[in-house]
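Working notes for the structure below.
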Amino acid sequence: GPVLREYLMGEAMHALGVPTTRALAAVTTGEQIMREGFKPGAVLARVASSHLRVGTFQFFAARQDTGSLRKLADYAIARHDPDLVGTPDQYLAFLKSVIDRQAKLMAQWVSLGFVHGVMNTDNVTISGETIDYGPCAFIDFYDPNAVFSSIDQGGRYAFGNQPNITHWNLARLAETLLPLINPEDIEDATRLAANALDGFIPAYTSAWGDLIRAKIGLTKELPEDDQLIADLFLALNGQNVDYTGFFRALASDPAKVVPGMFGDPSVVSDWLAAWTARIAREDSSVEDRARAMNRINPIYIPRNHLVEDALTSAEAGDYGPFEQLLAVLKDPFTEQSGQVRYSLPAPTDFGPYKTFCGT
C-alpha cells in the first residue's frame, strides 16, 4: 500500500507540474510487513535529479568531516547548479539556489492543497523535488491546521505550517555549510547564511501569490490583490468548501455555482463582488480567462477516499481501481468523459482521514 501510494502520488504530482521523484516500478516481496497491522511487503524503484537531501549534508556535518562535506557540496553544485562551479562564494550561492527552489516548491504544494506529512530534513531535497510520499494527502476543504499523518500529533507538518518548517529545514542546511562559506570566520559565515535564509519567506510569498493570482484569473499585479487573496482564504476557512472544486467553479459560472458551495453563501458574497470588480480591470476575455484558469486549476487530484479505495483493493489483489485512478490523474486539467466521481470530494461518511508512515 505505501509503495503504491508513492507510485500514485509521484505520477499525480508530475502531471500537476510539481517537481517530484518518479517511480519506475513497484515489486512485491512476498513478505508480510508489520505497520498498522500486517501489510504486503514491496520494493519501490524510483528516479530523481538526485537523492541528495538536507539530511545527507547533516550526516557529514555531524561527524565534523569537513573534507567529505566539501566533496558532497562540490558534487551537488556540479549536478544541480553547474553555473556556480568555480565562482566566488559558490557555497553561499548554492545555499541561495536551494532556498529558491524550495520556496517555489512550497508555493506549488500549498496552492494545490498538498500536505506532505513528514517534512524532516531527510525529506527535503537539494534539487527542489518532492520526495518520500509517506503520510501525505490533499486537503478536501481549506484548513491551515489540516494534519493527516498519524505521527504528527502537534501539527508540526500541518498544511499551513509547511513553509515555516521548510524554512527550519533550510536553516539546518545552512548550518552544515558554514565551514565552507567562510572557513576563516564562522561568525561572518553565519551572518551571510542568515541573510540568505531571510530571503526564503519573501521568495515563497511571491511565488505563492503569483500562483493564487493565476488561480483566480488575474494576470496583472495590483496593490489591492493581497487583500483580495487574504479575504478569499478568510471566506474559505471553516466553510467545508471543496478546495480544488472551488477554483474550477470560479472559472465556469461563479455567480451561480460558487455561493452554493458554501454552508453560508453570505460569507463569500462580498468577496465575489470584489473579485468581479477586480476582474473587470483585466484585459482578457471571459473565455480566455477561463481557459487560463483551467490550465492551472486541476479538476482531478488524488482525493483521499479514492486513494484509500485504490490501495485497499490493490492489497486484496484487485489493481483495477488503482490503474483507473492513475489513468485519470495523468491528465488532471482536462475534463474526462464519464469520470465525474474522480472530481468530487469525499462522501460525508468517509470521516476524518489518517495516513501512516508505511515505508
Side-chain angles (χ1 to χ4, degrees), residues 13 15-19 100 103-114 138-144 159-160 162-163 201-301 331-336 343-345:
M13 292 286 268
L16 289 166
V18 180
D100 183 65
K104 291 174 180 175
L105 180 66
M106 284 308 106
Q108 287 184 283
W109 283 12
V110 177
S111 72
L112 288 166
F114 176 74
F138 278 79
I139 57 171
D140 279 321
F141 312 120
Y142 177 72
D143 178 5
F159 171 59
Q162 292 181 121
I201 293 299
Y204 162 77
T205 302
S206 176
W208 178 81
D210 288 345
L211 287 172
I212 300 301
R213 272 192 297 273
K215 286 174 76 70
I216 62 176
L218 306 183
T219 58
K220 300 177 181 179
E221 184 175 350
L222 300 181
E224 61 266 35
D225 291 349
D226 289 346
Q227 189 61 54
L228 184 70
I229 291 171
D231 289 344
L232 167 61
F233 288 99
L234 282 174
L236 288 172
N237 199 17
Q239 284 291 307
N240 290 344
V241 179
D242 177 31
Y243 183 80
T244 301
F246 169 82
F247 292 103
R248 290 293 292 204
L250 199 62
S252 56
D253 194 353
K256 288 185 178 180
V257 178
V258 168
M261 301 177 74
F262 285 71
D264 179 3
S266 66
V267 169
V268 76
S269 59
D270 287 346
W271 184 85
L272 274 176
W275 175 77
T276 301
R278 172 62 182 84
I279 283 294
R281 301 174 66 181
E282 294 286 316
D283 298 325
S284 57
S285 67
V286 173
E287 295 77 14
D288 288 345
R289 181 171 63 251
R291 280 192 290 268
M293 292 170 70
N294 287 339
R295 283 194 296 268
I296 192 174
N297 292 315
I299 189 169
Y300 308 110
I301 58 167
D331 190 10
F333 299 101
T334 305
E335 187 169 357
Q336 302 172 38
S343 68
L344 301 177

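Position 1 is the first residue of the sequence, and the numbers go up from there. This structure is a prediction, so every number in the text was calculated from the model and none was measured.
Listed by chain and residue number, nothing satisfies the salt bridge (Lys or Arg N to Asp or Glu O under 4.0 Å) test with Lys215 (two or more places apart in sequence, or in another chain). For Asp283, the side chain to side chain contact (heavy atoms under 4.5 Å, CB included) partners are Lys220, not counting sequence neighbours. Scored by the side chain to side chain contact (heavy atoms under 4.5 Å, CB included) test, Asp143 finds Asn145, Ala146 as partners (sequence neighbours excluded). In terms of the side-chain hydrogen bond (donor to acceptor under 3.5 Å, both in side chains) criterion, Arg289 has no residue partners (sequence neighbours excluded).
Taking 4.5 Å as the limit, some side-chain heavy atom of Asp288 sits within range of a side-chain heavy atom of Ser285. Looking only at side-chain heavy atoms (C-beta outward), Leu250 and Asn297 stay at 4.5 Å or farther from each other. In this structure, the side chains of Thr334 and Asp331 come closer than 4.5 Å at one or more pairs of heavy atoms. Residues Asn237 and Pro144 meet the side-chain proximity criterion, which asks for heavy atoms closer than 4.5 Å.
The distance from atom CG of Leu112 to atom CZ of Phe247, rounded to the nearest 0.5 Å, is 9.5 Å. From Met293, atom CE reaches atom CZ of Phe333 across 13.0 Å, with rounding to the nearest 0.5 Å. A distance of 11.0 Å separates CG in Leu105 from OH in Tyr204, rounded to the nearest 0.5 Å. Within the model, atoms CD1 of Ile296 and CD of Gln108 stand 8.5 Å from one another, a figure rounded to the nearest 0.5 Å. The distance from the CG atom of Leu236 to the CZ atom of Phe141 is 12.0 Å, given to the nearest 0.5 Å. Here CD1 of Ile299 is found 8.0 Å from CG of Asn294. Values are rounded to the nearest 0.5 Å.
Of all non-hydrogen atoms in Ala290 and Ala251, the two that sit nearest each other are CB-O, 3.3 Å. Across Pro298 and Leu16, no two heavy atoms sit closer than the pair CB-CD2, 3.5 Å. For the pair Pro345 and Asp140, the tightest heavy-atom approach, listed with the atom from each and the gap, is CA-OD1, 4.3 Å. When every heavy atom of Asp242 is checked against every heavy atom of Ser343, the shortest pair comes out as OD2-O, 4.2 Å. Ile229 and Gly209 get closest at one heavy-atom pair: CD1-O, 4.3 Å. Summarising the geometry of Tyr243 relative to Val110, their closest heavy-atom pair is OH-O, 3.4 Å, with the distance given to 0.1 Å.
The closest donor-acceptor contact from the side chain of Gln162 to the backbone of Phe114 lies under 3.5 Å. Panel note: side chain Trp275, backbone Leu232; no donor-acceptor pair is recorded below 3.5 Å. Not one N or O on the side chain of Ser206 forms a donor-acceptor pair closer than 3.5 Å with the backbone of Pro202.
Taking the ring centroids of Phe233 and Tyr142, they lie under the 6.0 Å cut-off.
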Could you give the side-chain donor-acceptor pairs of residues 260-271 under 3.5 Å, partners two or more places apart or in another chain?
residue	atom	partner	partner atom	Å
Asp264	OD1	Ser266	N	3.2
Asp264	OD1	Ser266	OG	2.6
Asp264	OD2	Ser266	OG	3.1
Ser269	OG	Ser266	O	2.9
Trp271	NE1	Leu228	O	2.8

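Evaluation of the salt bridge (Lys or Arg N to Asp or Glu O under 4.0 Å) test over residues 271-282, restricted to residues two or more places apart or in two chains, returns Glu224-Arg281, Asp225-Arg278, Arg278-Glu282.
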Would Phe138 and Thr244 count as a side-chain contact (heavy atoms from CB on, under 4.5 Å) here? Give the steps. CA-CA 9 Å; Phe138 278 79; Thr244 301; 5.7 Å; no
